[in-house]
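This report concerns only the one structure given below.
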Amino acid sequence: MEAEKIRNVAIIAHVDHGKTTLVDAMLKQSGVWRDNQVIVDRVMDSNDIERERGITILSKNTAVNYGDYKINIVDTPGHADFGGEVERILKMVDGVILLVDAAEGPLPQTRFVLSKSLELKHKVIIVINKIDRPDARIEEVIDEILDLLIDLGADESQLDSPMLYCSARQGICSYDMNEQGKDLKPLFDTIIKYIPAPDAYPDKPLKMLISAIDYNDFVGRIAIGNVICGSIRANEQIAVCNYHDPSRIRRSKAVNLYIFDKLERVPVDEAEAGNIVAISGIEDITIGDTICAPNHIEAIPFLKIDDPTVEMTFSVNDSPFAGQDGKYVTSRNIRDRLYKELLKDVSLKVSDTETTEAFSVAGRGEMHLSILIETMRREGYEFQVSPPRIITREINGVKCEPVEELVCDVPLDYVGSVIQRVSERKGELNKMTSAGTRTRLEFYIPSRGLFGYRSEFLTDTKGEGIMTSVFHDYQPYKGEIERRTTGSLVAWEQGTAVTYGLFNAQSRGLLFIGPGEEVYEGMIVGINSKPGDLIVNVCKQKQLSNMRAVGHDDKLKLVPVKQMSLEQCLEFLADDELLEVTPHHLRMRKGILKKESRLKAQSKKS
């Protein structure tokens, strides 16, 4: 297809503003499915973790036909921790659809992704989604979007961006906020009219920037990008170079060539400039590389991805239960898997440590790293991780730390408790606005101040609060922050937890385990209601005697245990604790299991 008939567009928005749902509606109305076909919601969220959590983690490509035109659509993540996915994908498209919730308005990630789009001078189509919400405030949201565009330095053409009003769930869109549309035709027409055709130069030598990497066990790495100049053919000899490493030039061959059609990759013999294509058969190719003609090697500049702000240590599991559950348990297995992740995640940094048993992994935030941990455990890996730590920098001789912009949307009754909690974590209130029965609080808070705060926030707001954050900048170190006011209940010995031992321990705090669960010395079995750690014997059994009455133990009532998710475990960990991760278990433990050894280590520090 000629470049004039192609439109390359990305859908960007804050998390849960309806990007993937809108793509579903666009696919349905463009004839991808039969009328009687069973359709899965959020079809672009193909990853199991994405479907379970209701978020998009990896950017994905699809394409629809509208009249004589082909529209390549890229669905992007909305969570700030996966911002690296959005940044590199924007180099592959010529315009963006900015989706904004009609009730929530622009949120931190909205500002982040929009600023990246404006920097690249992309055309922007503004779509106000969820107009059918009872609490929709469309006119106020329009003003907030215009204020945001002005604040980000948008030029005149970007300030005059077309604005549409949409309900992605119903699959309707209109030009007028007071009229309800019948379908998504206004959106398709606006894309064709307003998003420019790709800057294609078919007469020049081949040049293509790789913006995404997929992997297949049969063909290996699959490079995805936009052909900017010339054309590429299957089995053609090519050169691979990199803008940031001019000396790194390799010769290779594009074995298989695919274009995107609806939800599939279709093999083709040739693709011309303007098309988004996928290529397999090129070893060691990575995001940011340029594919070009062997006789005309010239790298395309690649957008610099923001550096990670949080790091954790991944190490070999050395607990007494090591090797019982996992398929891949050695340091070589863990190292190979972590470095393999670098091939498709440009926001991740992995480095070796002084010991061969541990590796430092840096990412955009707790969510970013927890998704990697969850993915690895589902693949059969067994390992242990440290609590998350911030990555500091020295700027002009001053120690600086990452600071995030935190937005909390809470009911009026809980505003005071939220402000107090955030202030205790060195947060500074920047702005407060009220709308009806809810108040939006905007803070600047150190990234480490957010560690462990999400569960406290949900408790303080009785589950009614919404909090989101995005990286702001580096600021001078703000002093110590107390992460936890409670200690841990630590198991006394290895064995099986019994009702009698748990009954005696539950008066000391909140338990994580129930009867029949295996424990070991140094394993964390609960939260101590007071500061400091407490050793408890959950394996202790009642001594039997001939004076014991039948049914006497029926009086022992156990309080329901607290089930900890992966994110909650990472938030709970103290500096001297680790999380043991296996395919079927999450066990928190002390870094030093033996009580005597822990006391010696503490005395040396003091």
Side-chain angles (χ1 to χ4, degrees), residues 80-88 108-109 111-112 115-116 119 152 242-245 287-288 301-315 338-339 341-342 345-356 358-370 372 385-406 422-430 442-453 469-484 570-571 573-578 591 601 604-606:
D81 286 11
F82 309 108
E85 287 278 317
V86 182
E87 290 179 63
R88 57 184 173 78
Q109 185 71 359
R111 168 183 285 270
F112 172 78
S115 66
K116 297 295 182 183
E119 286 175 13
L152 292 176
N242 189 283
Y243 180 77
H244 298 289
D245 188 3
I287 293 165
F302 182 64
L303 189 70
K304 185 182 182 301
I305 304 299
D306 290 343
D307 292 329
T309 58
V310 176
E311 67 176 352
M312 297 170 65
T313 301
F314 286 52
S315 57
L338 290 174
Y339 277 93
E341 189 70 18
L342 294 178
D345 191 343
V346 290
S347 305
L348 198 71
K349 304 291 182 186
V350 178
S351 56
D352 297 330
T353 60
E354 296 177 356
T355 171
T356 57
F359 312 94
S360 176
V361 183
R364 284 288 187 87
E366 280 182 292
M367 171 73 81
H368 187 195
L369 296 177
S370 70
L372 173 60
V385 297
S386 71
R389 308 177 298 271
I390 60 160
I391 300 174
T392 59
R393 288 181 181 176
E394 188 169 312
I395 302 176
N396 298 326
V398 178
K399 181 182 178 181
C400 296
E401 64 176 335
V403 172
E404 309 223 359
E405 180 184 349
L406 171 68
V422 175
S423 299
E424 291 171 354
R425 293 169 173 266
K426 307 295 184 183
E428 299 175 0
L429 182 62
N430 179 47
E442 298 181 18
F443 300 92
Y444 290 129
I445 182 173
S447 297
R448 59 196 170 96
L450 292 175
F451 295 162
Y453 177 59
S469 63
V470 68
F471 174 75
H472 179 59
D473 63 1
Y474 273 82
Q475 295 181 8
Y477 191 77
K478 298 183 181 296
E480 294 300 319
I481 298 175
E482 186 177 22
R483 282 183 57 184
R484 268 170 56 185
L570 294 175
E571 290 178 355
L573 291 178
D575 293 337
D576 64 337
E577 296 170 352
L578 300 172
K604 286 182 180 179
K605 285 184 180 180
S606 58

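Only this structure's heavy atoms are used, side chains among them; waters, hydrogens and symmetry mates stay out.
- Among residues two or more places apart in sequence or in another chain, the side-chain contact (heavy atoms from CB on, under 4.5 Å) test is passed with Glu571 by Glu366, Arg454, Ser455.
- Considering only residues two or more places apart in sequence or on other chains, Thr309 meets the side-chain hydrogen bond (donor to acceptor under 3.5 Å, both in side chains) condition with none of them.
- Interatomic distance, CG of Leu573 versus CZ of Phe451, reported as 11.5 Å (0.5 Å rounding).
- In this structure, the side-chain contact (heavy atoms from CB on, under 4.5 Å) partners of Ser423, at least two apart in sequence or on a different chain, are Ile419.
- Partners of Lys478 by side-chain hydrogen bond (donor to acceptor under 3.5 Å, both in side chains), not counting sequence neighbours, listed by chain and number: Gln475.
- In this structure, CD in Glu401 is found 9.5 Å from OH in Tyr474, a value given to the nearest 0.5 Å.
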Report task. With side-chain contact (heavy atoms from CB on, under 4.5 Å) as the test, would you mind laying out the steps for Leu338 and Leu348 before giving the verdict? Result -> CA-CA 9 Å; Leu338 290 174; Leu348 198 71; 5.8 Å; no
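- Residue pairs meeting the salt bridge (Lys or Arg N to Asp or Glu O under 4.0 Å) criterion with at least one partner in residues 386-396, sequence neighbours excluded, are Asp307-Arg393, Glu311-Arg389.
- In this structure the side chain of Pro388 never reaches within 4.5 angstrom of the side chain of Leu369, judged on heavy atoms.
- Shortest non-hydrogen contact noted between Pro402 and Ile391 is CD-O, 3.5 Å.
- The two atoms that bring Ser315 and Ala358 nearest to each other are CB-CB, 3.8 Å, heavy atoms only.
- Listed by chain and residue number, Arg337 satisfy the salt bridge (Lys or Arg N to Asp or Glu O under 4.0 Å) test with Glu341 (two or more places apart in sequence, or in another chain).
- To the nearest 0.5 angstrom, Glu577 atom CD is 12.0 Å from Leu570 atom CG.
- Looking at residues two or more places apart in sequence or on another chain, you find a side-chain contact (heavy atoms from CB on, under 4.5 Å) between Leu578 and Gln384, Ser386, Arg589.
- Among residues two or more places apart in sequence or in another chain, the ring pair (Phe, Tyr, Trp, His ring centres under 6.0 Å) test is passed with Phe359 by none.
- Residues that satisfy the side-chain contact (heavy atoms from CB on, under 4.5 Å) test with Val422, not counting sequence neighbours, are Leu406, Val418, Phe443, Ile445, Tyr453.
- Asp575 pairs by the side-chain hydrogen bond (donor to acceptor under 3.5 Å, both in side chains) definition with nothing, not counting sequence neighbours.
- When all heavy atoms of Ala574 and Pro387 are compared, the pair lying nearest together is O-CG, 3.0 Å.
- Legend: residues meeting ring pair (Phe, Tyr, Trp, His ring centres under 6.0 Å) with Phe314, ordered by chain and number and at least two apart, are Phe383.
- For the side-chain hydrogen bond (donor to acceptor under 3.5 Å, both in side chains) test, residues two or more places apart in sequence or in another chain that qualify with Tyr339 are Asp352.
- Here the options are Ile481, Val310, Thr392, the test is side-chain contact (heavy atoms from CB on, under 4.5 Å), and the partner is Arg448; only Ile481 passes.
- The minimum heavy-atom distance linking His368 with Gly363 is given by the pair ND1-CA, 3.5 Å.
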